[in-house]
Amino acid sequence: MLDTATATATDRALARRAGLGEVEAFEELFGRLFSSTFRYALHMLDGDDGLAQDATQEAWVKVWLHLREFEGRSQLRTWIFTIVAREVLDLRRRRRPVVVDHEALQALESARQDEWRLTASAERGALDEELRAALTLALSELPWRQRASWLLSTVEGLTYVEIARVLDTTPTVVRGQLHRARRALEIRMEPWR
Amino acid sequence: MNSHERAAPAHLAAATRVLADHGRVRALEVSGDVLAHVMTRPRRSMPVRARLPHDRVHVSEQVVTAVVSRAVAHRAQGLSVARMVVTSTSDERLDRVVVELIAQYGTDLVAATALAHRVVATALRDLVAPADDSVQVTVVPTHLHVGDVTIGDPQLSDPSDH
């Protein structure tokens, strides 16, 4: 009975039950939301798996410890992303700044064009991998808020209001950040058109 | 994407899909380890003393909360615990449990809360008293109220969903 109840419950119902100590409810909630939070951390941390795991692990520990205090003033997903975003930012601040390697991007673009010329029917997987690497590199060039806004909007589907809550800013600022991020990414990815 | 935004160029949209898929796969690979780590972290909680015939045991206030809310979920149809406050005396005896309930719209509240009283009292007695009845444990239900309603089953939905 409880398994069905857990699988079909809303996020807020699960949060309430998990806050009261129901481990199955927490596990269901984790299963629903962890992937998005990890993905956000991964791409905010330049694709570093280890750092992304550290950030999300600490964030989800906080979710578990403080779920009883969640008062429902925002969406649960927004609340959790706020915690993850803070962990990610803390990790980024503790790291040395990363120098953007423009030569690496040029090499990627050049390699891609060479391959395209040589094998018009290149392996789909290889092309996907190059596309991902190029976008990861392009993302790493964006200022932190632009990158966060773009990931939360385009990849995770949060609204301007939700993103503003997560990043502790206003929807108007988010709109501006997104506009600049999209423009920069379109220019950076232009060679892949 | 917000409805008034123009679509991303096809190559950027394709790259975004690949990026998202990659992140999802990596998340699946590490999720088990992360969850296992998270579940090892105990929540801060007050100890509550239970008496046994020849010994004492301490249970966490969290355990009291979990046991009572699970009992209500299983045995009191149409009700779910919204929050609980557990207090103990200075010598860590369980003193008082305040239970706030959520009821499904249309539930007979008088009958449901009477049932909830019995369920909570039984759950507490089973938790803190020995199985052989060698120690008398008195549970006096005094404060238990319905604080909100849900349209559907309160185990599956929350008042703030609507």
Side-chain angles (χ1 to χ4, degrees), chain A residues 1-2 5-6 8-13 15-17 19-23 26-27 30-31 34-40 42-43 47 49 52-53 56-57 60-61 63-66 68 72 128-129 131-132 134-136 138-139 153-157 159-160 175 178 182 185-186 189-190 192-193, chain B residues 1-2 5-6 8-31 33-35 37-45 60 62-70 72-74 80-84 102 150 152-161:
Chain A
M1 171 189 131
L2 214 57
T6 301
T8 57
T10 66
D11 287 353
R12 284 171 185 257
R16 170 167 43 82
R17 288 161 54 186
L20 292 165
E22 193 183 312
V23 172
F26 182 79
E27 289 175 346
F30 181 89
F34 175 74
S35 176
S36 294
T37 57
F38 178 85
R39 186 165 55 187
Y40 171 76
L42 183 68
H43 299 314
D49 288 10
Q53 185 169 345
T56 46
Q57 189 163 282
W60 277 92
V61 164
V63 170
W64 168 244
L65 297 181
H66 298 287
R68 274 195 305 183
D128 283 354
E129 185 56 30
L131 259 181
R132 184 183 68 77
L135 182 54
T136 299
L139 275 172
S153 172
T154 309
V155 181
E156 306 308 337
T159 65
Y160 290 166
R175 186 191 305 269
L178 269 174
R182 289 191 184 113
L185 290 177
E186 284 178 20
M189 296 295 288
E190 184 63 25
W192 296 82
R193 183 182 285 276
Chain B
M1 181 186 299
N2 292 280
E5 293 165 5
R6 66 183 173 82
H11 62 290
L12 182 54
T16 304
R17 279 194 298 275
V18 175
L19 191 80
D21 289 345
H22 171 78
R24 194 177 301 116
V25 170
R26 293 296 300 127
L28 275 175
E29 288 169 2
V30 303
S31 63
D33 288 346
V34 173
L35 181 61
H37 176 84
V38 171
M39 298 316 296
T40 61
R41 298 290 293 272
R43 290 170 170 168
R44 287 170 64 93
S45 183
S60 154
Q62 294 283 328
V63 172
V64 176
T65 301
V67 166
V68 169
S69 60
R70 183 173 283 265
V72 170
H74 278 292
S80 185
V81 174
R83 60 184 63 84
M84 273 182 62
I102 299 169
T150 56
D153 182 345
Q155 276 295 99
L156 307 182
S157 57
D158 192 78
S160 57
D161 288 333

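Just so we're on the same page: letters track the sequence lines, and every chain starts at 1. Below, each value reflects all heavy atoms present in this structure, side chains not excepted, and no hydrogens, waters or symmetry copies.
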Mind ranking [options] by heavy-atom pairs under 4.5 Å with chain B and telling me who comes out on top?
{"options": "A:His43, A:Met189, A:Glu27", "value": "A:His43"}
{"options": "A:Val63, A:Leu42, A:Asp49, A:Val155", "value": "A:Asp49"}
{"options": "A:Gly19, A:Gly47, A:Ala52, A:Gly31", "value": "A:Gly19"}

Heavy-atom pairs under 4.5 Å with chain A: which of B:Ala66, B:Ser31, B:Pro42, B:Ala13 has the most?
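Heavy-atom pairs under 4.5 Å are most numerous for B:Ser31.
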
Under 4.5 Å, counting heavy-atom pairs only, tell me which of B:Thr16, B:Leu35, B:Asp21 racks up the most with chain A.
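The answer is B:Leu35.
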
Side chain, backbone, both or neither: which part of [X] has a heavy atom under 4.5 Å from chain B?
{"X": "A:Phe26", "answer": "side chain"}
{"X": "A:Leu65", "answer": "both"}
{"X": "A:His66", "answer": "neither"}
{"X": "A:Arg16", "answer": "side chain"}

Proximal component of [X], with respect to chain A [non-hydrogen, under 4.5 Å]:
{"X": "B:Arg44", "result": "backbone"}
{"X": "B:Ser69", "result": "side chain"}
{"X": "B:Ile102", "result": "side chain"}

Taking only residues two or more places apart in sequence, or in another chain, which ones meet A:Arg132 in a side chain to side chain contact (heavy atoms under 4.5 Å, CB included)?
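Partners of A:Arg132 under the side chain to side chain contact (heavy atoms under 4.5 Å, CB included) test: A:Glu129, A:Thr136, B:Val18, B:Leu19, B:His22.
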
Side chain of [X], backbone of [Y]: donor and acceptor closer than 3.5 Å?
{"X": "A:Arg39", "Y": "B:Ala20", "result": "yes"}
{"X": "B:Arg43", "Y": "A:Trp64", "result": "yes"}
{"X": "A:Trp60", "Y": "B:Val38", "result": "no"}

Working to the nearest 0.5 angstrom, can you tell me the gap between [X] [atom1] and [Y] [atom2]?
{"X": "B:Arg17", "Y": "A:Leu135", "atom1": "CZ", "atom2": "CG", "result": "12.0 Å"}
{"X": "B:Arg70", "Y": "A:Glu22", "atom1": "CZ", "atom2": "CD", "result": "5.0 Å"}
{"X": "B:Asp153", "Y": "A:Thr8", "atom1": "CG", "atom2": "OG1", "result": "8.0 Å"}

Can you sort out the partners of A:Glu190 under salt bridge (charged side-chain N to carboxylate O under 4.0 Å, His left out), two or more places apart, ordered by chain and number?
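Only A:Arg193 meet the salt bridge (charged side-chain N to carboxylate O under 4.0 Å, His left out) criterion with A:Glu190.
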
What closest approach, in Å, do [X] and [Y] show between heavy atoms, and which atom pair accounts for it?
{"X": "A:Ser35", "Y": "B:Ala27", "value": "CA-CB, 3.7 Å"}
{"X": "A:Leu131", "Y": "B:His11", "value": "CD2-O, 4.1 Å"}
{"X": "B:Arg83", "Y": "A:Leu20", "value": "CA-CD2, 4.1 Å"}

B:Thr65 side chain to A:Arg68 side chain, donor-acceptor N/O pair below 3.5 angstrom:
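No - no donor-acceptor pair under 3.5 Å links their side chains.
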
